[in-house]
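Below: one structure, written as structure tokens.
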Amino acid sequence: MAAQSLLTESALGWSIFTFVLLIILAFCWVYIRKFQSRQESEVISTITAICALAIALITSALLPVDIFLVSFMKYPNGTYKEWAANNETRGQIEDTVLYGYYTLYSIILFCVFLWIPFVYFYYEERDDDNMNKCLQVKNALKYTIGFVIVCVVLLLIGTFVPLQAPPGQNSTQWEKVQYLFEELGSSHGLRALSFSISSLTLIGMLAVITYTAYGMSVLPLNLIKGTRSVVYERLENTEDIDDVEHQIEKLKSKCKDGRPLSSRDRHNLQELEGKLQVLRRRGRHLEIAERNCCTKVGSALRPFKILLGILFILVALLFIVALFISNLDKALHSAGISSGFIIFGTNLTNPLNELLLALQPVFPLDYILITVITMYFVLTSMAGIRNMGIWFFWIRLYKIRPKRTRPQALLFLCMILLLIVLHTSYMIYSLAPQYVMYGSQKYLVQSQMASAAPTSGNATIGTTRICDADAPEDQCTVTRSYLFLHKFWFFSTIYYFGNWAFIGAFLIGLVVSCCKGKKSVIEGEVEPDDSDISDDEYVH
């Protein structure tokens with residue numbers, strides 16, 4: 001009976017994960033095809049981008065499964081279910097999740113350090129004369145070796161990096177941390193993988209601060225503000241065309257008597273002709289947009305978009321408040337920098353953590369909410385990258401535009417999302433630390449109460465409590481995600497300060513987004529640096 005219950009519960013958790021997996025694959029295919037350049041699309045880069053994006057989303061979907069499995073081991077009254085009564089059985093289930101993390105993280109290492117760089121450099125080496133394929137592969141491998149060397153160095157450092165408590169560390173606090181780490185095993189190979197992933201997570205933290213923070217502000221405000229009127233834009237564009245044509249005629253009239261134009265006038269004439277070409281292309285796109293049924297449907301759905309934008313901005317503000325309270329809790333109640341600001345449970349009231357705990361009695365609302373939170377971070381990250389483009393410090397490398405994004409830009413996009421997803425798990429832990437650590441688990445506390453009858457003696461009663469740091473070690477199971485995130489205390493310290501930077505970046509992005517006007521209805525479709533045979537000419 002217990003074995004059958006175990007099979008049923010595990011099948012339920014993993015069947016949900018499989019269903020989400022199918023949705024993720026379909027979403028990735030549609031998303032990549034939407035932004036992919038029609039003119040430069042390649043089979044290998046398309047498959048690589050779809051697979052990399054799917055791996056990023058699948059990894060993010062594993063966190064709700066982890067929380068689901070540890071929570072479903074217990075009844076609401078705090079007792080273990082029959083199939084989970086055995087400590088060895090519980091360990092096997094959690095090991096399955098742990099192996100899932102290590103498998104996906106290993107694939108991420110492979111993508112970031114080998115697969116994506118190779119495909120990227122392969123297309124960078126291609127030229128108009130159709131370079132020999134063997135030479136393309138050789139040059140791509142030559143550049144990819146640098147990434148492989150970095151990966152090997154990280155693995156070697158992770159193998160020998162010490163995990164002992166730093167000098168002066170609170171021994172009791174550190175013993176708790178060490179006990180949890182032991183559950184992940186002491187294999188040098190697993191430590192090496194953990195260190196490599198944690199190093200990539202630091203880069204992901206920078207991407208989260210840059211793109212996710214901005215996406216959380218720009219996505220809802222764009223929905224609320226909407227786009228400019230296509231009719232007004234066409235009228236304004238027509239006036240601009242007339243004005244530029246008048247300036248061109250004025251310049252050309254200077255050479256009607258045979259005199260050549262000065263170098264300054266020739267330069268101005270070239271600029272005006274280029275501007276006129278862009279305006280005419282813009283006019284054609286606006287004409288198509290005015291006839292497009294999607295534009296009309298979008299106008300009809302305007303009230304719904306406003307409500308959705310308001311909901312998104314409220315969710316973003318809730319996240320920022322929860323993150324601020326969580327960081328403040330760590331600053332006040334943790335052992336400090338030398339422990340990675342690790343705390344067990346919550347000491348300050350965290351609204352998001354309390355909401356998840358309040359939804360526990362109504363299955364499966366809390367799991368739906370944690371899944372929505374996970375996907376919200378991914379989608380806002382995509383929105384941030386799409387609006388900002390891909391930058392290297394102050395240099396813009398690529399733009400992300402519908403049907404016109406180069407294969408290299410899509411590969412960059414997917415690599416950034418892979419790194420963002422690695423840091424997303426820590427962000428969600430910061431938003432709801434107690435829930436991410438224990439899920440909806442509860443445990444029984446036996447207490448003695450004096451009986452009303454003097455001859456009856458003391459009566460033993462059981463009180464149900466939500467799992468926290470004070471729970472006995474054999475009564476509450478910690479999620480594998482929490483253990484993985486805090487294996488190296490010095491990374492946790494950096495993540496803590498990264499959360500403060502994220503809050504600051506969001507507030508700056510919110511101010512910038514509020515100051516910006518409405519977007520054009522054809523935002524990103526026509527740019528001055530597009531060629532005459534650009535993709536958007538194919539809409540005809």
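Reckoned from all heavy atoms, side chains included, excluding hydrogens, waters and symmetry mates. Since this is a predicted model, take the numbers as computed values, not measurements.
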- Report the C-alpha separation of N499 and S430 in whole Å, then their side-chain angles, then the decisive distance to 0.1 Å, and conclude whether the side chain to side chain donor-acceptor pair (under 3.5 Å) test is met. CA-CA 8 Å; N499 283 348; S430 299; 2.9 Å; yes
Once rounded to the nearest 0.5 Å, what's the spacing between atom [atom1] of [X] and atom [atom2] of [Y]?
X: Q408; Y: Y123; atom1: CD; atom2: OH; result: 9.0 Å
X: L355; Y: Y435; atom1: CG; atom2: OH; result: 10.0 Å
X: T493; Y: F497; atom1: OG1; atom2: CZ; result: 7.0 Å
X: I23; Y: M375; atom1: CD1; atom2: CE; result: 9.5 Å
X: S198; Y: H423; atom1: OG; atom2: NE2; result: 11.5 Å
X: T212; Y: I209; atom1: OG1; atom2: CD1; result: 9.5 Å

A side-chain contact here means heavy atoms from C-beta on lying under 4.5 Å apart; do [X] and [Y] qualify?
X: L53; Y: L413; answer: no
X: M73; Y: T477; answer: yes
X: L221; Y: L510; answer: yes
X: S513; Y: Y214; answer: yes
X: F113; Y: T144; answer: no
X: Y429; Y: S326; answer: no
X: P117; Y: M415; answer: yes
X: V148; Y: L114; answer: yes

- Item | Partner residues of Y80 under the ring-ring contact (aromatic ring centres under 6.0 Å, His included) criterion, sequence neighbours left out |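 None.
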- Query: What's the verdict on side-chain contact (heavy atoms from CB on, under 4.5 Å) for L223 and I313, showing C-alpha distance, side-chain angles and the deciding distance?
  - Reply: CA-CA 10 Å; L223 287 171; I313 197 66; over 6 Å; no
Could you tell me which non-hydrogen atom of [X] sits nearest to which non-hydrogen atom of [Y], and how far apart they are?
X: I107; Y: I55; result: CG2-CD1, 3.3 Å
X: A432; Y: N353; result: C-OD1, 3.3 Å
X: A52; Y: L418; result: O-CD2, 3.5 Å
X: P351; Y: I325; result: CD-CD1, 3.7 Å
X: M388; Y: R396; result: O-NH2, 2.9 Å
X: S199; Y: F491; result: OG-CZ, 3.7 Å

- Kindly write out the residues that satisfy disulfide (SG to SG under 2.5 Å) with C414, not counting sequence neighbours, or none if the list is empty. none
Taking distance alone, no hydrogens or angles, what donor-acceptor pairs closer than 3.5 Å link side-chain atoms of residues 500-509 to residues at least two apart or in another chain?
unit_1	atom_1	unit_2	atom_2	d
W500	NE1	Y496	OH	3.2

Side-chain donor or acceptor of [X] paired with backbone N/O of [Y] under 3.5 Å:
X: N387; Y: A383; result: yes
X: R480; Y: T96; result: no
X: Q441; Y: Y438; result: yes
X: T201; Y: I197; result: yes

- Who are the salt bridge (Lys or Arg N to Asp or Glu O under 4.0 Å) partners of R386, not counting sequence neighbours? none
- Query: Taking atom OH of Y398 as the centre, does the number of heavy atoms from other residues, nucleotides or ligands within less than 6.0 Å exceed 12?
  - Reply: yes
- Query: Do the ring centers of F118 and F147 come within less than 6.0 Å of each other?
  - Reply: no
- Mind checking whether F121 and Y143 have ring centres under 6.0 Å apart?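 Yes, close enough.
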- Give the C-alpha distance, both sets of side-chain angles, the deciding distance and a yes or no for side-chain contact (heavy atoms from CB on, under 4.5 Å) between I400 and F412. CA-CA 10 Å; I400 307 296; F412 250 110; over 6 Å; no
- Item | Chi angles and distances behind the side-chain contact (heavy atoms from CB on, under 4.5 Å) call for L200, L109 | CA-CA 9 Å; L200 288 180; L109 280 182; 3.5 Å; yes
- Item | Y376 and F319 aromatic ring geometry - parallel, tilted or perpendicular at 30°/60° bounds | perpendicular
- Whether Y426 and Y495 hold their rings parallel, tilted or perpendicular, with breakpoints at 30° and 60°: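 It falls in the tilted class, 30° to 60°.
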- Identify, with sequence neighbours excluded, every residue that meets side chain to side chain donor-acceptor pair (under 3.5 Å) alongside T479.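 Applying side chain to side chain donor-acceptor pair (under 3.5 Å) to T479 gives none.
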- Query: In chain order, what residues pass the side chain to side chain donor-acceptor pair (under 3.5 Å) check against T380, with sequence neighbours excluded?
  - Reply: none
- Using the side-chain contact (heavy atoms from CB on, under 4.5 Å) rule, take M427 and L323 through it: C-alpha gap first, then chi angles, then the decisive distance, then the call. CA-CA 8 Å; M427 289 291 296; L323 192 61; 4.0 Å; yes
